[in-house]
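Notes follow the structure.
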Amino acid sequence: MKEFVKEKVSDAVRELLGEDKVHVVERASFEKPKKKEFGDFATNISFLLARELKRKPFEIARELSQKLSELPEFEKVEVAGGGFINFTFSQDFYVKILKEVAETDFYVSDIGKGEKVLLEYVSANPTGPLHVGHGRGAVVGDVLYRAMKLTGYAPEREFYINDAGRQIKLLGVSIYARMKELKKENYPFPEDGYRGEYIKELAEKLLKERPDILELPEEEAVEIASEFGKRELLKEIKEDLKELGVEFDNWFSEKGLYERGEVERVLKLLEEKGLLYEKEGALWLKTTLFGDDKDRVVRRSNGEYTYFASDIAYHYNKMERGYEKAIDVWGADHHGYIPRVKAAVQALGGNPDWLEVILIQLVKLFKGGQEVKMSKRAGNFVTLRWLMEEVGVDAVRFFFLLKRHDTPLDFDIDLALSAKNENPVYYVQYAHARLCSILDKAKERGLEPSDDNLKLLSSEEEKELIIGCYLLRYELQAVASRREPHRLTYYLIDLASKLHRFYNKHRVMDESEKELSSARLYLINAVRKTIKIGLDILNVNAPRRM
RNA sequence: GGGCCCGUAGCUCAACUGGAUAGAGCAACGGACUUCUAAUCCGUAGGUUGGAGGUUCGAGUCCUCCCGGGCCCGCCA
């Protein structure tokens, strides 16, 4: 509908002011005004044209509106607020839109123009179970993926497995130490080892599988423990994600980068470009040439590569795979890391804007007014699994999208469990169930939805619903292009609210007005469909009964 | 000390990248069930958008400076 109005305005501008002014339409706003008096749609085009033509906005608006009011899709076109053009749609237009909603994939568009985008999210180290913060990133990435898919992008989903380096070694040592402990042998627990309960469980399990393990040389036993822990934890991570309804196209191994010599290769490439140097025994990348605060170490003086080194190789790999855009979803505590990775991308001949980073802010859990604490090191962190079991997957997914990704999220467990109106998940689901119930009941009474008399749907509430449904198309575009999946939950709450308002004011089924009833059934079926689609994109259930 | 993010109703957040009189939900108060699901709806109240300047037809949004809060600043990941 936005596209529609835009097109009509373009035509009018072309006719009245000439082809060379048409480009201004692209910069103009086209939106639904907050106030009903301002009609169904409004544009500020005349203000922009005024600047260019050095004429009064009001005059330009008046000329355009005269032209536009001739069109059958508009009931009236008015000038207000010094130059805003307000459009009021005709009943024919509502009928047309409603049919589109009911009968087509109206929410699918192609603003992405087939852009190949690699979405990387979660990417948790396989050194422990997923915590709630990972879950938030997972849902953000997952819903963004679905929205991009529906708006014409060509996204792919990837999980980067940090299965190399110190952390994994530390995991092995931690398990080893716990095994020693179980056998009452003296062995110091590593300083910054993983202290969570799950390490003890892994130790027990490994001892059962390999009773001889502690008789092996320590180094070999630790290696086995590392591999074992990594495998088990990755399995657990995959199970958790599956439970959460989050999937990936690729699981990309950091270790694989080393095994294929890609880290060596990318460093050689940087070397050839003269971007590496040695200092104090370490190897540094001149990231300062590309806007970073200081140069960064890629190989430590002890010969080990840094995490940064493999990350450079990883992003180079992404570039080589031909993605037009890479979007990484990271925890907000990594934000200081962005400049150096962007610098690395540039050092490799890429554009820093090729990489986009979405930062996920902290999730705090509240229960009974008390914060449920989490701290990975101490080992008493709140796992994603615990939360899913506590409140259910629907609530987890929906609640994670109740705030923009870069705002800290307070997750109210009591609220998520409450079957009351303040719980937004129920609010939206209830709207869906309510509609299904009416449609079922109509069938029993022999009433069928019909598009024969849709022009009878002329009340304020009905028009709001029709437009409201159609807006899903644009909300998805906003989700995808602005990378803001939380908009979808807000959209659904808003649509549900419109529905409830309609429901309380009008009766759908009225035996004495069969024509109006079947038109309303047609309408609410379209609303039901729209809510269902929205919930499907969120991967939240749309129950038929509650 | 340097850098990034944030500050909007009592609380939690919106505001379509500069548009019209800043909107919702909780919480508060007052109403609506012999009716298709009251897990709902309607109404009332609530604001100097942290503060001060600036840019322009127009600023919560952009610029500068203050005040307050969070995060990052390792040869950790």
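The structure presented is a predicted model; accordingly, all values stated were derived computationally and were not measured. Reminder, nothing fancy here: chain letters follow the sequence lines and each chain counts from 1.
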Exercise for review: Examine the base of B:rC36 for any acceptor or donor lying under 3.5 Å from a partner atom in the side chain of A:Ser437, and report the outcome as yes or no.
Suggested key: no
Review point. Which stems does RNA chain B form, counting runs of 3 or more consecutive Watson-Crick or G-U wobble pairs with both distances under 3.5 Å?
Key: B:1-5 with B:69-73, B:10-13 with B:23-26, B:28-32 with B:40-44, B:50-54 with B:62-66
Review point. Touch check for A:Arg544, heavy atoms < 4.0 angstrom, all strands: base, sugar-phosphate only, or nothing?
Key: base
Review point. Rounding to the closest angstrom, what is the interatomic distance between B:rC62 and B:rG19 at atom P?
Key: 11 Å
Check your understanding: Has the side chain of A:His335 got a donor or acceptor that lies under 3.5 Å from a partner of the other kind on the base of B:rG70?
Key -> no
Exercise for review: Could you tell me whether A:Asn86 contacts a base, only the sugar-phosphate backbone, or nothing, with contacts defined as non-hydrogen atoms closer than 4.0 Å?
Suggested key: base
Exercise for review: Please determine if a side-chain N or O atom of A:Arg340 lies less than 4.0 Å away from the OP1 or OP2 oxygen of B:rC73.
Suggested key: no
**Study point:** Sugar-phosphate, base or nothing in reach of A:Phe308, heavy atoms under 4.0 Å
**Key:** nothing
Point to revise | Gap in Å between the two P atoms, one belonging to B:rA20 and one to B:rU35, rounded | key: 43 Å
Study note, to complete from the structure: Result for 5'-nearest mapping on RNA chain B, choosing between A:Ala164 and A:Glu484, is A:Glu484
Point to revise | Side chains of A:Lys286 and A:Leu276 in contact at under 4.5 Å (non-hydrogen atoms) | key: no
Review point. Does B:rC5 sit syn or anti, given that only angles within 90° of 0 count as syn?
Key: anti
Point to revise | Side-chain H-bond candidate by donor/acceptor type, A:Glu158 with A:Tyr314, under 3.5 Å | key: yes
Practice item. Look up atom CZ in A:Arg296 and atom CG in A:Asp292, then write down how far apart they are to the nearest 0.5 Å. Key: 4.0 Å
Review point. In whole angstroms, how far is the C1' atom of B:rA20 from the CZ atom of A:Phe87?
Key: 15 Å
Check your understanding: Hey, does A:Tyr490 reach any base, or is it just sugar-phosphate, or nothing, if we go heavy atoms under 4.0 Å?
Key -> sugar-phosphate
Review point. When syn is taken as a glycosidic angle within 90 degrees of 0, is B:rU49 syn or anti?
Key: anti
Review point. Can a side chain N or O of A:Tyr503 be found less than 4.0 Å away from OP1 or OP2 on B:rA38?
Key: yes
Practice item. Considering just the side-chain nitrogens and oxygens of A:Tyr430, establish if one lies under 4.0 Å of OP1 or OP2 belonging to B:rA39. Key: yes
Practice item. Indicate, with a heavy-atom threshold strictly under 4.0 Å, whether A:Ala442 touches base, sugar-phosphate, or nothing. Key: nothing
Check your understanding: Could you go step by step and tell me if A:Glu460 and A:Lys505 meet the salt bridge (Lys or Arg N to Asp or Glu O under 4.0 Å) rule?
Key -> CA-CA 11 Å; A:Glu460 204 52 57; A:Lys505 190 154 178 184; over 6 Å; no
Exercise for review: Taking atom P in both B:rU21 and B:rC66, compute the distance separating them and give it to the nearest angstrom.
Suggested key: 33 Å
Check your understanding: Using atom C1' of each nucleotide, how far apart are B:rA15 and B:rC42 to the nearest Å?
Key -> 24 Å
Point to revise | Residue mapping more 5' on RNA chain B - nearest nucleotide basis, A:Thr43 or A:Arg482 | key: A:Arg482
Practice item. Give the rounded distance in Å between these two atoms: CG of A:Asp293 and C1' of B:rG3. Key: 6 Å
Point to revise | Closest listed nucleotide, where the reference is the side chain of A:Met509 and the choices are B:rU37, B:rC36, B:rC76 | key: B:rC36
Exercise for review: Pick out which of A:Leu488, A:Leu492, A:Leu495 makes a side chain to side chain contact (heavy atoms under 4.5 Å, CB included) with A:Leu472.
Suggested key: A:Leu488
Check your understanding: B:rG60 and B:rG50: how far apart are their P atoms, nearest whole angstrom?
Key -> 10 Å
Practice item. Under 4.0 Å between any heavy atoms, over every strand shown, what does A:Lys505 touch: base, sugar-phosphate, or nothing? Just pick one. Key: nothing
Check your understanding: How would you label the contact of A:Ala431 with the nucleic acid (heavy atoms, under 4.0 Å): base, sugar-phosphate, or nothing?
Key -> nothing
Point to revise | Nearest-neighbour nucleotide for the A:Arg501 side chain, B:rC41, B:rU37, B:rC76 considered | key: B:rC41
Review point. So, A:Ser123 and A:Glu120: side-chain donor and acceptor under 3.5 Å apart, yes or no?
Key: yes
**Study point:** Rounded distance in Å between the P positions of B:rU34 and B:rA39
**Key:** 14 Å
Check your understanding: When all nucleic acid strands are considered with a 4.0 Å heavy-atom cut-off, which category describes A:His506: base, sugar-phosphate, or nothing?
Key -> base
Point to revise | Under 4.0 angstrom between A:Tyr427 side-chain N/O and B:rC41 OP1 or OP2 | key: yes
Review point. Quick one: do the A:Ser109 and A:Gln477 side chains pair a donor with an acceptor below 3.5 Å?
Key: yes
**Study point:** Aromatic plane relationship, A:Tyr307 with A:Tyr337 - under 30° parallel, 30 to 60° tilted, over 60° perpendicular
**Key:** tilted
Practice item. Select base, sugar-phosphate, or nothing to describe what A:Arg507 touches, counting heavy atoms under 4.0 Å on all strands. Key: base
Point to revise | Inter-nucleotide P distance (B:rC13, B:rC71), Å rounded | key: 16 Å
Practice item. Can you tell me the distance, in whole Å, between the OH atom of A:Tyr491 and the P atom of B:rA24? Key: 18 Å
**Study point:** Between P of B:rA32 and NE2 of A:His500, the distance in whole Å
**Key:** 21 Å
Point to revise | Minimum-distance nucleotide to A:Arg445 side chain [options: B:rC75, B:rC36, B:rA20] | key: B:rC36
**Study point:** Same-atom distance (P) from B:rG43 to B:rC5, integer angstrom
**Key:** 40 Å
Review point. Contact class for A:Arg404 (heavy atom, under 4.0 Å): base, sugar-phosphate, or nothing?
Key: sugar-phosphate
Review point. Between atom CZ in A:Arg296 and atom C1' in B:rG3, what is the gap in whole Å?
Key: 11 Å
Check your understanding: Are A:His405 and A:Glu484 close enough that a side-chain donor and a side-chain acceptor fall under 3.5 Å?
Key -> no
Check your understanding: Side-chain donor-acceptor pair under 3.5 Å between A:Tyr277 and A:Asp295, yes or no?
Key -> yes
Study note, to complete from the structure: In whole angstroms, the gap separating P of B:rU37 from CG of A:Leu435 amounts to 11 Å
Review point. OP1 or OP2 of B:rU37 less than 4.0 angstrom from a side-chain nitrogen or oxygen of A:Lys441, does that happen here?
Key: yes
Check your understanding: Given atom CG of A:Leu409 and atom P of B:rC6, what is their separation to the nearest angstrom?
Key -> 17 Å
Exercise for review: Have a look at A:Ala478 and say if it touches a base, only the backbone sugar-phosphate, or nothing, with a 4.0 Å heavy-atom cut-off.
Suggested key: nothing
Review point. Looking only at side chains, do A:Gln167 and A:Asn162 share a donor and an acceptor under 3.5 Å apart?
Key: no
Practice item. Check the distance between B:rC5's P and A:Lys403's NZ and give it to me in whole angstrom. Key: 20 Å
Point to revise | Side-chain heavy atoms of A:Phe84 within contact of A:Asn44, under 4.5 Å | key: yes
**Study point:** Residue-phosphate contact under 4.0 Å: A:Arg300 side-chain N/O, B:rC76 OP1/OP2
**Key:** yes
Exercise for review: Go through the N and O atoms of the side chain of A:Asp494 and the base of B:rA14, and report whether any donor-acceptor pair is under 3.5 Å.
Suggested key: no
Review point. Using a cut-off of 4.0 Å on non-hydrogen atoms, how would the nucleic acid contact of A:Gln361 be classed: base, sugar-phosphate, or nothing?
Key: nothing
